[in-house]
Amino acid sequence: MLENPLENYFKLTLRQKNILHKLGLKTVKDLLWHFPSRYEGFAGRKAIADLLANERASIHARVIKIEAKKLFRKKINIAIATVSDGTGSLQITWFNQAYLANKLKPDTDYTFTGTVKRGKYGIGMQNPIFESGEIEIPQDSGTLVPIYPETRGLTSRWLRFALNRVWNNIPEENFDDHIPENILKKYNLPSLKTALREIHFPRGVKWAEAARKRFSFEEIFLIQLMRQSWRKSRDLHPSFSIKIPQTELDAFIKKLPFELTAAQKKAIEHIFENFDPKKGPAKPMSRLLEGDVGSGKTIVAMIASLVAINNGYQVAYMAPTEVLARQIFNEFIKFFGGIYPHTKNFGVGVKMGMATSSEFLKFPSKAFAGQATHIARAPLLRWLASGEIQLLIGTHALIAEKIKFKDLALVIIDEQHRFGINQRLKLIQKNGGSASWRIPHLLSMTATPIPRTLALTIYGDLDLTLLDEMPAGRKKIITEIVSPQKRNEAYEHIRAEIKSGRQAYVICPRIETPEENEASLLQLSMRAVKDEYKKLSAEIFPEFKVGMLHGQMNPKEKEKIMKEFHEGGINILVATSVIEVGINVPNATVIIIEGAERFGLAQLHQLRGRVMRSTHQPFCFLFTESNTAKTKERLQALVEAKSGFELAEYDLKFRGAGELTGSKQWGISDVGMEALKNIKMVEAAREEAKKIIESDTLHQYPELSRRITVQSQLIHFE
Ligand code: ADP
Ligand code: MG
């Protein structure tokens, strides 16, 4: 029954069908698993004449008049109604739900529940919930009414009606639980049937909460099971044994222009333990190197690469943007191109390639000493397959099917939160022919400050190494929230910094994942960069060289601008958030973020990380036109937070993980996200999943193993 389409049970209009499909509600099962986002209590019933301001109440009243209006100044569509119950009348306003003007009929009775407000025109209610006719409401205490995520054209009322209709007809066997019973008992979680019933028709707050808790546990538990079972199947494969050339390495490290931090040394040790285990054959490393922006992850990756190459193997290094791939390529060239004098046979003369969707480069080139040259794709592919190219750097272009290595022993993924799991899996299957029986070591790197609970969940199959220490001599960034009136003061400050030799970024907002009209919104934000560029170069900083960088420029233009900025030729770089990840120009110490309220906290932190890369005092100016308390509070968190991790915990606590970087990206539902506020629950789910996988008892739970198989197939073969 659960797999039956909803059409079998309801007469649906075409419009309703479309809306349901858009929400992914096709079957009875989808309907049951579409959870309320919150509950409202039907408050005690009152007569209009007895209502008090600010109390929550239900009234039973007749619609006298109802119409749709547009508030021009605020650009909001509203529905506005006058209702009366014989003791008095009341004005009701629904914001952004103008369609209700057609839905509620004049001369018809409804029960309205909401908070009473006193306005200019007497008392009123805003956005009350309503039921048609008179409903039984006890005088004081109320029932809980589930409110579903709002979608135009699909009301909570309809969903409640639909659920009511199907619920009693569902045969018992559809409620077979896939969470093992002992686990439910141990953590005091309701059975599937009880949980489904209580989430949609709660007997009370406690019941509704217990139901939600069960579903969030379930989601995390399933993710953990999947991650743990991957881990186990990967561990069965052999990997590359990589010997550590200690003497050469020590000499190399000694010649670096800085001293490695203790955290960097520890991270390198961790990697080496996987490369050359004391006991047994090498198993594929799966390590996540997590360190705040500017903590020095790249050098750790470089050293690991060098060691693998020194053993005669190949390395692949994937970064999320062309600009970043190019920068890393250049940094490697510096390393291997004789800028730092190396010990013989170590690092010198490494042959490298770079691949993005539009460019292929090779280093060193025969024609130009010490430089890279453009090559065609075909020879690059050949050289990779023959092992001639030892290190390949690039964007997601690296996972293209044609790219095959001879002996790929190490895969590095920079800013790994920007890639999907699928891309990660593809990149470790790049050994062609006879080498494919070995799985390369994987080093993922990220600065995304995500809370520990989220990390434990989504990276459940990875070992975690933290770079929890900044290189010596870094100063704490000074972050200031700048109101429009203070703009000029901030510009003067920046002028002084640039005069003393520093460089600056100016970031203009780009609206995140626009749903409709993508093109025009993008163009809007492009215009913002271009306008800002004009204004800054012509009016505000005519004495400085101002440059511009955005996603619509071609790779050559981007490379030219970045090179000029790296070399100090450009003083101020006006950019979109394309520079958000990874860009490393240590002399840039000032960043202005326009429209700061439009960025998520994690993104703002990434952005300001661009200027925390040297021993100069860094500054971050958050320009905002918004004056709301919410904006102020959020930005203030950024001013005060000492690290990205602190910020992430703040974000999770105060506004749910959704805001972190868009919860959609993690593939976790809202209910699952609730679990992440509870470290105990996450740890419990992880422990239980581990027990099942390690003891090889998944097959004892057929429903569970079916779910896991289905989900992992989705990920492998999509
Ligand atoms: P991220 O962790 O954000 O990727 P990077 O690896 O780009 O940071 O390093 C940021 C800057 O810090 C670079 O200019 C790098 O050369 C420098 N750096 C890295 N490690 C150290 C260190 N131990 N001491 C001083 N500077 C360092
Ligand atoms: Mg980096």
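Worth saying up front: this structure is predicted, and the values here are computed from it rather than measured. Both counts, for ligands and for their atoms, begin at 1 and track the order of listing.
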Considering only heavy atoms of Thr261, which atoms of ligand 1 have at least one such atom less than 4.0 Å away? 23 (N)

Mark up the atoms of ligand 1 that fall under 4.0 Å of a heavy atom belonging to Val293, in ascending order. 3 (O)

What do you reckon, does Gly294 have a nitrogen or oxygen under 3.5 Å from a nitrogen or oxygen of ligand 1? yes

What protein heavy atom sits nearest atom 16 (O) of ligand 1, and how far away is it? Phe258 CE2, 3.5 Å

For Phe565 together with Tyr505, are the ring centres under 6.0 Å from each other? yes

Nearest non-hydrogen protein atom to atom 24 (N) of ligand 1, with distance, is Pro471 CB, 3.3 Å

Less than 6.0 angstrom separating the ring centers of Phe332 and Phe363, yes or no? no

Examine Lys351 relative to Trp383 and say whether NZ or CZ is less than 6.0 Å from the centre of the six-membered ring and inside a 45° cone about the ring axis. no

Which one of Arg474, Met445, Arg613 has a non-hydrogen atom at the shortest distance from atom 17 (C) of ligand 1? Arg474

Among all protein non-hydrogen atoms, which one is nearest to atom 14 (O) of ligand 1, and what is the separation to 0.1 Å? Asn584 ND2, 3.0 Å

Asn311 side chain to Ile242 main-chain N or O, any donor-acceptor pair under 3.5 Å? no

Which of parallel (below 30°), tilted (30 to 60°) and perpendicular (above 60°) describes Phe619 and Phe621? parallel

Around atom 20 (N) of ligand 1, find the nearest protein heavy atom and jot down its residue, atom name and distance. Gln264 NE2, 3.0 Å

Would Gly291 count as a contact residue for ligand 1, given that I'm defining contact as a non-hydrogen atom of the residue lying under 4.0 Å from a ligand atom? no

Among all protein heavy atoms, pick the one closest to atom 9 (O) of ligand 1 and tell me residue, atom and distance. Gly296 CA, 3.6 Å

So if I count the atoms of ligand 1 from 1 in the order they appear, which ones are less than 4.0 Å from some heavy atom of Glu259? 22 (C), 23 (N), 24 (N)

For ligand 1, the portion of Pro586 having any non-hydrogen atom under 4.0 Å away: side chain

Qualifying side chain to side chain donor-acceptor pair (under 3.5 Å) pairs, either residue in residues 466-479, two or more places apart: Thr479-Arg608

Nearest protein heavy atom with distance in Å, relative to atom 1 (P) of ligand 1: Lys297 NZ, 3.5 Å

Only pairs under 3.5 Å count here: list side-chain donor-acceptor contacts from residues 263-277, not counting sequence neighbours, and write none if there are none.
residue, atom, partner, partner atom, Å
Gln264, OE1, Thr261, N, 2.8
Gln264, OE1, Thr261, OG1, 3.3
Gln264, NE2, Gly296, O, 2.9
Lys265, NZ, Glu259, OE2, 3.4
His270, ND1, Thr465, OG1, 3.0
Asn274, OD1, Arg287, NE, 3.2
Asn274, OD1, Arg287, NH2, 2.9
Asp276, OD1, Lys243, NZ, 3.2

Please write down residue, atom name and distance for the protein heavy atom closest to atom 4 (O) of ligand 1. Thr298 OG1, 3.7 Å

Among side-chain atoms of Asn587 and Arg502, is any donor-acceptor pair under 3.5 angstrom? yes

Would Thr446 and Gln416 count as having a side-chain donor-acceptor pair, cut-off 3.5 Å? no

